[in-house]
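Keep in mind that what you see is a predicted model, and the values were worked out from it rather than measured.
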Amino acid sequence: MNRRLIAIAGFLLTPLLSPGWTRAQSGPPPATPAAGETVSHIVRPGETLEQIAARFLGSGRLWKELHRLNSTIADPNRIEPGQRIRIPAMRPASPMATVNRLSHQVEEQPSPIAWTDAQAGDLLVERDGVRTHPKSSVELRFADGARLTVTEDSLLFLRRSGTVLKGVERKSIELMEGQAEFDARATTPAMAAPNAPEVEIVVGASRTTSRPDKSGGAQTRARRAEEGSAKLMVYGGESEVEAGGAKVQVPRGMGTSVAPSGPPSPPEKLLPAPAGTDPAAGAERACADPLFSWQAVPEAVSYTVELCRDPACGELVARQTGEPGSQWRPPAPLPLGDFYWRVTARSRSGLDGYPSEASRLAVTSERTGVQAPTGSLQIGGPQVRVGDRLFTAAAATVQVTATGADGAAARWQPVIGGQEAAAFPASWAAGEHTAGAVVLDGCGYRVPLAPVAFVTDTAPPAIRWQVGDQRSLSDRLAPDTEKERRRLRGRRGSGQPATDAWQTLAGVWQLPVPWVKERRGVYAQFPVEIKSDHPQAFLTAPDTTVSADGKDGQLDQHVLWVAADDAGAGVDRLVLRSRIEGDRVVLEVEAVDMVGNSSRKEIVLRRRR
């Protein structure tokens with residue numbers, strides 16, 4: 001089995017894989033075990049209660065205290081190698097760590113005893129080893145309260161350092177295979193810069209020295225790649241890499257690659273942490289194989305996804321490396337309960353970026369393989385299709401119907417212009433839009449619905465009028481029928497002139513005005529409503545002048561031409577009304593387009609003086 005061999009000298013290592021890598025740690029280190037807390041010491045060959053008391057309690061005469069803590073020991077003079085004995089969690093003078101939490105298959109070697117299954121609370125001392133199997137992890141807590149997290153397929157040993165660097169205790173990690181991650185800090189004021197603790201990482205022929213900076217934190221990840229090169233990523237503190245006779249300074253937020261026999265490469269900037277999109281922090285999923293998704297990071301070639309029982313990934317549940325896309329689904333069903341997930345981007349050079357913050361997820365169902373939800377989308381409200389374009393009113397609504405695999409209504413997320421939004425607007429601005437949706441269910445399926453493109457028309461029709469000869473007006477002012485026919489193809493009407501306006505003698509209505517006696521002809525019976533592709537009307541009245549918009553004209557031998565045009569959805573109808581106000585007649589003209597926009601104009605008629 002592919003293992004990682006990590007030799008650790010010294011015992012002051014602080015939490016690995018802890019949240020908040022994107023910022024320097026602050027505040028005091030993790031607390032030491034509370035008073036009265038106990039751990040399990042595994043008896044080694046030849047040990048006695050008196051020897052164990054002398055080692056951990058400071059005096060062999062305190063063996064009775066150990067016997068009192070372990071009432072199941074029948075004969076204190078006979079304890080067997082491999083037997084677990086509870087001892088007080090004291091701070092010793094030698095390297096020591098406790099198995100704080102673990103998941104799946106984790107083994108320990110209480111030297112010189114053979115490998116055995118590890119248990120939470122077991123105490124590891126100098127020369128002891130720990131190894132993890134696939135999909136397994138363990139979190140170790142050191143005597144000073146520091147923590148070390150070891151992920152799957154790893155092997156490490158606790159050792160004492162006998163070296164001193166500039167009066168500062170040095171801790172050393174030798175990485176033979178795989179990956180090591182740590183966060184080292186000064187734990188007391190006396191250890192602050194310039195006396196801050198240093199960490200030495202050895203990968204092949206390269207040596208890296210990392211130390212806390214002014215913020216007091218030193219977060220570093222080292223990995224040995226398959227081809228034997230070393231990868232170093234610095235998330236906090238200061239680091240110096242030495243290889244091939246050269247030294248390179250690697251500042252916070254940078255990383256470097258070291259060939260098996262070459263010097264370090266120039267430092268490059270680490271990729272940012274991917275933003276998880278689904279499930280959101282605190283979400284619930286009603287299936288055992290939810291889909292995880294995140295926003296792609298520019299320049300990333302793959303991602304590593306980790307699913308754990310705790311934010312620091314001390315209890316690993318699943319881990320996927322080399323994921324090329326921005327989605328991942330666990331290959332095996334997850335048990336019920338709470339989980340934490342995070343993702344890390346990897347660059348083309350093989351350097352890991354910042355891990356994302358761990359997000360909590362609750363799995364509430366054992367169902368798997370749930371069928372994806374379905375849905376449909378329609379635009380509601382006044383609308384009309386003109387050629388291949390859909391015109392709508394500003395108050396257009398988007399109606400989404402979403403159904404889950406169980407037949408119940410499913411959740412959906414609006415998509416406007418290709419971007420997810422919180423809600424569709426109550427009113428659309430004038431112009432072109434696309435409205436879509438993403439259907440989601442309790443299992444995290446995301447099914448996009450085909451978007452609908454439309455044009456919001458908020459401009460009312462334009463009302464035009466003019467006085468002149470009927471024939472010349474018809475020839476000169478009527479719209480280009482063939483051009484309009486092509487534009488309006490597919491909409492109501494055939495592009496012909498308003499036939500209703502020609503149902504009078506000579507196609508002209510006689511306006512009923514009080515200063516002209518009724519004569520032969522047809523009087524317009526108001527209100528008049530004209531519905532056509534090109535609504536227009538011709539009207540006349542003897543001894544009458546008309547005025548509007550700052551201009552006027554006479555209707556003795558001429559006609560009044562009124563029409564409406566709309567460059568958007570098209571005109572739906574033209575409505576004419578009249579009313580008498582003293583010595584004048586007011587002709588009210590209203591034009592309404594196909595999506596409900598309207599405009600009004602008043603034309604004043606008076607007796608010619």
>> For a side chain to side chain contact (heavy atoms under 4.5 Å, CB included) check, start with the C-alpha distance between Val586 and Ser578, then their side-chain angles and the critical distance, and finish with the verdict.
In response: CA-CA 6 Å; Val586 178; Ser578 69; over 6 Å; no
> Which is it for Met254 and Lys269 under the side chain to side chain contact (heavy atoms under 4.5 Å, CB included) test, yes or no, and what are the steps along the way?
Replying inline: CA-CA 4 Å; Met254 306 288 282; Lys269 187 176 180 180; 4.0 Å; yes
>> Between Gln510 and Thr540, does the side chain to side chain contact (heavy atoms under 4.5 Å, CB included) criterion hold? Intermediate values first, please.
In response: CA-CA 5 Å; Gln510 300 294 316; Thr540 188; 3.2 Å; yes
> Hey, mind stepping through Ser349 and Glu268 against side-chain hydrogen bond (donor to acceptor under 3.5 Å, both in side chains) and telling me if it holds?
Replying inline: CA-CA 9 Å; Ser349 63; Glu268 63 178 86; 3.0 Å; yes
> Can you check side chain to side chain contact (heavy atoms under 4.5 Å, CB included) on Val467 and Gln554, steps first, answer last?
Replying inline: CA-CA 7 Å; Val467 174; Gln554 296 186 8; 6.0 Å; no
> Stepwise, does the salt bridge (Lys or Arg N to Asp or Glu O under 4.0 Å) test hold for Arg221 with Asp352?
Replying inline: CA-CA 8 Å; Arg221 172 183 293 180; Asp352 295 337; 2.9 Å; yes
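Listed for the Thr220 side chain is no donor-acceptor partner under 3.5 Å among the backbone atoms of Val234. Checked by atom type and distance alone, the side chain of Gln419 never pairs as donor or acceptor with a backbone atom of Val415 at under 3.5 Å. Arg329 places a side-chain N or O within 3.5 Å of a backbone atom of Asp289 that can act as its donor or acceptor partner. Between the side chain of Trp412 and the backbone N or O of Thr401, no donor-acceptor pair lies under 3.5 Å.
At a cut-off of 3.5 Å, with distance as the only test, a side-chain donor of Ser293 or Thr277 sits close to an acceptor on the other residue. No side-chain donor from either of Trp294 and Asp278 sits under 3.5 Å from a side-chain acceptor of the other. For the residue pair Gln536 / Trp561, a side-chain donor-acceptor distance below 3.5 Å is found, with atom types taken as modelled. If you check the side chains of Ser103 and Ser137, you find a donor sitting under 3.5 Å from an acceptor. Under 3.5 Å, the side chains of Thr256 and Ser265 contain a donor-acceptor pair of N or O atoms.
Taking every heavy atom of both residues into account, Leu377 and Ala437 meet most closely at CD1-N, 3.9 Å. Smallest separation of non-hydrogen atoms from Val592 and Ser598: CG2-CB, 3.9 Å. Nearest approach of Pro274 to Ala345, heavy atoms of both residues: CG-N, 3.9 Å. Heavy atoms only, all atoms of each residue included: Thr458 and Ala394 are closest at CG2-CB, 3.9 Å. Closest of all the heavy-atom pairs between Asn597 and Pro461 is O-CD, 3.5 Å. In this structure, Asp583 and Trp515 approach most closely via the heavy-atom pair O-CZ3, 3.8 Å.
In this structure, Arg607 places its CZ atom where only 12 or fewer heavy-atom neighbours from other residues, nucleotides or ligands lie under 6.0 Å away. For Glu420, the CD atom counts as densely surrounded, since its 6.0 Å shell holds more than 12 non-hydrogen atoms of other residues, nucleotides or ligands. Within a 6.0 Å sphere centred on CD of Gln378, other residues, nucleotides and ligands contribute 12 heavy atoms or fewer. Shown here is Glu581, whose CD atom has more than 12 heavy atoms of other residues, nucleotides or ligands within 6.0 Å.
Interatomic distance, Asp552 CG to Leu605 CG, rounded to the nearest 0.5 Å: 11.5 Å. Here Leu511 contributes atom CG and Leu576 contributes atom CG; the two are 9.0 Å apart, rounded to the nearest 0.5 Å. The line from CG of Leu270 to CZ of Arg252 is 11.5 Å long, rounded to the nearest 0.5 Å. Taking OG of Ser356 as the start and CD of Gln295 as the end, the distance is 11.5 Å to the nearest 0.5 Å. Taking CD of Glu315 as the reference point, atom OH of Tyr340 lies at 11.0 Å (rounded to 0.5 Å). Taking CG from Asp556 and OG1 from Thr544, the interatomic distance works out to 7.5 Å, rounded to the nearest 0.5 Å.
For Lys601 and Asp549, the salt-bridge test passes: some basic side-chain N is under 4.0 Å from an acidic carboxylate O. Using a cutoff of 4.0 Å between basic side-chain nitrogens and carboxylate oxygens, Arg319 and Glu152 are scored as salt-bridged.
Checked against a 6.0 Å centroid threshold, the rings of Phe538 and Trp509 do not count as neighbours. Taking the six-membered ring for Trp, Tyr303 and Trp328 have ring centres at least 6.0 Å apart. The ring of Phe391 has its center no closer than 6.0 angstrom to the ring center of Phe454.
Side-chain contact check for Val585 versus Pro514: some heavy-atom pair is nearer than 4.5 Å. Counting heavy atoms from C-beta outward, Val305 and Thr321 have side chains that stay 4.5 Å or more apart. Between Thr374 and Val439, the closest side-chain pair of non-hydrogen atoms is not below 4.5 Å. For the pair Leu336/Glu366, a side-chain contact is recorded, criterion being any heavy-atom separation below 4.5 Å from C-beta on. Taking 4.5 Å as the limit, some side-chain heavy atom of Lys551 sits within range of a side-chain heavy atom of Trp465. Side-chain contact between Ser547 and Arg606: present, with at least one pair of heavy atoms (C-beta onward) separated by less than 4.5 Å. Proximity of His433 to Thr456: side-chain heavy atoms (C-beta onward) are separated by under 4.5 Å at one or more points. Residues Pro382 and Thr392 are not in side-chain contact: their nearest non-hydrogen atoms beyond the backbone lie 4.5 Å or more apart.
Geometrically, Arg309 engages Phe339 in a cation-pi contact, judged by NZ or CZ lying under 6.0 Å from the ring centre and within 45° of the ring axis.
Paired with Arg577 under the rule side-chain hydrogen bond (donor to acceptor under 3.5 Å, both in side chains), one option of Glu529, Glu602, Glu590 passes, and it is Glu590.
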